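Data first, discussion second: the structure below is written as structure tokens.
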Protein chains: 2
Amino acid sequence: MRVVVARCTVDYDGRLTAHLPEAIRLLMVKADGCVAVHADGGAYKPLNWMNAPNTLTVVESDEDGVEAVWTVRSPKGEVLAITVHEVLAELDHEMGVDPGLQKDGVEAHLQELLAADPTTIADGLRLVRREFPTDIGPVDLLCRDADGEAVAVEVKRRGEIDGVEQLTRYLDFLNRDPMLRPVRGIFVAQEIRPQARVLAEDRDIGWVEVDYDELRGIESDALRLF
Amino acid sequence: MRVVVARCTVDYDGRLTAHLPEAIRLLMVKADGCVAVHADGGAYKPLNWMNAPNTLTVVESDEDGVEAVWTVRSPKGEVLAITVHEVLAELDHEMGVDPGLQKDGVEAHLQELLAADPTTIADGLRLVRREFPTDIGPVDLLCRDADGEAVAVEVKRRGEIDGVEQLTRYLDFLNRDPMLRPVRGIFVAQEIRPQARVLAEDRDIGWVEVDYDELRGIESDALRLF
DNA sequence: AGTTCCATGTCGCGG
DNA sequence: CCGCGACGTGGAACT
């Protein structure tokens, strides 16, 4: 990875057109060729960037006040042009391949835990299918309750209004299927926002908050029995 | 901005839990305090990060194989812990405030072009008003068709389900106005996703894909006449 | 390759 | 501060 602090101006022309006036910024070039222009603030997102695959060409300049021009081109015709007026600091280092990130607690894992034991959502619930397909997308969990009636479950890490909208659409579609009708809905998340609760209740959709650590604990306990 | 290349392990505990095994990475600390851990690849997104506002504390260590431990804490209780085993390179530089980015988007221009000639959406359409105000937000284009009936048009660059939901809400509202009723809807975008098409059709909402370059061409032609 | 949905989304605007 | 929509969204998973 190569890092350069430089006084520069930047122009991007691709999915949109953007221009950065002259200022001091940090230029980052990674091993895969991707280039990022960072200001000294504004979270982790760069001001401008160009992801791989692309080609970076650096042209030294004789022009007054221009040390070099970096041109990054993507196969799709996007162009990022960095005019370097002055290099102020520089750093270059081999880093090798990163072993990668281990994540824990995303929606997929939560859905997995709930599918393994739907009774943590509501007593008597049995799983029919995960990712049950409909014309407008897959329902996270399709279950049947103790009375044998269908229950559609939408799982989110954080429960907000659009999650309720999503479940509402699924229910509209599912309730047209004579084999399933009537289908009720339950909205499940680690934390459900007040407005999402109100909207769910208004539409006769149940909502349940689940504790991720607790679910993981239950799973561990279940495994320990074998 | 401060940049450090170091052999390190990283743990994040907050919105999720994540762990990075020991490897060489680039640590970036911006003036606003935000911290990012970059690998030498994977586009511009860091492996781990913590945005401002937060507090960074660095504790030197006597422990074997540990130079220092950086702890970043956010007010919301998120914690990013970086165990630095060895610093390999370092760079520190004042950069000043960035003058900021000038963007020139396509979104607004598309609506402008369609307003200039609504017949590109449907034959006989005449513009009543752009950004027609309702209590739940402005409708992009309000038109009348050849029969004099009201038509609400929602314009998006990319047509997805949310756009259909938005137009549906507007139609619900507009159809309560006796001066407008009945109002039908047309969903317009450069590209409309299959699921959005299904939902639109299901709700008797029309959908039209338009070609931005073609529209621009039509406009150029019109201008050339003068 | 095309399509869909998730994301520690981030970011900006308006109430 | 919250809610909502846009984003050069990026990225993964699945068809």
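A quick note: this is a predicted structure, and the numbers were derived from the prediction, not measured. Lettering follows sequence order; numbering is per chain, from 1.
Contacts of D32(A) classified as side-chain hydrogen bond (donor to acceptor under 3.5 Å, both in side chains), with partners at least two apart in sequence or in another chain: none. For R144(A), there are no side-chain hydrogen bond (donor to acceptor under 3.5 Å, both in side chains) partners two or more places apart in sequence or in a different chain. Under the rule for a side-chain hydrogen bond (donor to acceptor under 3.5 Å, both in side chains), the partners of D213(A) that lie at least two apart in sequence or sit in another chain are R216(A). Every residue two or more places apart in sequence or in another chain that forms a salt bridge (charged side-chain N to carboxylate O under 4.0 Å, His left out) with R7(A) is listed here: E22(A), E86(A). Residues satisfying the salt bridge (charged side-chain N to carboxylate O under 4.0 Å, His left out) criterion with E191(A), sequence neighbours excluded, are absent altogether. The salt bridge (charged side-chain N to carboxylate O under 4.0 Å, His left out) test applied to E209(A) returns R197(A), not counting sequence neighbours. With sequence neighbours left out, the salt bridge (charged side-chain N to carboxylate O under 4.0 Å, His left out) criterion links R129(A) to no other residue.
Judged by the 6.0 Å distance and 45° axis criteria, R130(B) is not positioned over the aromatic ring of F132(B).
Contact annotation for E160(A): no contact, since no heavy-atom pair falls under 4.0 Å across all strands. Within 4.0 Å of N48(B), counting heavy atoms only, lies at least one base atom of the nucleic acid.
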Using a cut-off of under 3.5 Å, enumerate the N/O to N/O pairs linking the protein to nucleotides 11-14 of chain C.
from: dC11(C); atom 1: OP1; to: G42(A); atom 2: O; distance (Å): 3.2

Just the table, please: protein N/O against nucleotides 3-6 of chain C N/O, every pair under 3.5 Å.
from: dT4(C); atom 1: O3'; to: Q195(B); atom 2: NE2; distance (Å): 3.3
from: dC5(C); atom 1: OP1; to: I136(A); atom 2: O; distance (Å): 3.4
from: dC5(C); atom 1: OP1; to: Q195(B); atom 2: OE1; distance (Å): 2.8
from: dC5(C); atom 1: OP1; to: Q195(B); atom 2: NE2; distance (Å): 3.2
from: dC5(C); atom 1: OP2; to: Q195(B); atom 2: OE1; distance (Å): 2.9
from: dC6(C); atom 1: OP1; to: K156(A); atom 2: NZ; distance (Å): 3.2

Side-chain donor-acceptor contacts of residues 77-84 of chain A below 3.5 Å, not counting sequence neighbours, with atom names and distances?
from: E78(A); atom 1: OE1; to: S74(A); atom 2: OG; distance (Å): 3.2
from: E78(A); atom 1: OE2; to: Y12(A); atom 2: OH; distance (Å): 2.8
from: E78(A); atom 1: OE2; to: R15(A); atom 2: NE; distance (Å): 3.3

Atom pairs and distances, side-chain donor-acceptor, residues 35-49 of chain B, under 3.5 Å, sequence neighbours left out:
from: H38(B); atom 1: ND1; to: K30(A); atom 2: NZ; distance (Å): 3.2
from: D40(B); atom 1: OD1; to: A31(A); atom 2: N; distance (Å): 2.6
from: D40(B); atom 1: OD2; to: M1(A); atom 2: N; distance (Å): 2.8

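The P atoms of dG8(D) and dC4(D) are separated by 22 Å, rounded to the nearest whole Å. On the P atoms, dG5(D) is 22 Å away from dT8(C), given to the nearest whole Å.
Contacts with DNA chain C (heavy atom under 4.0 Å) in residues 7-15 of chain B: Y12(B), R15(B), listed by number.
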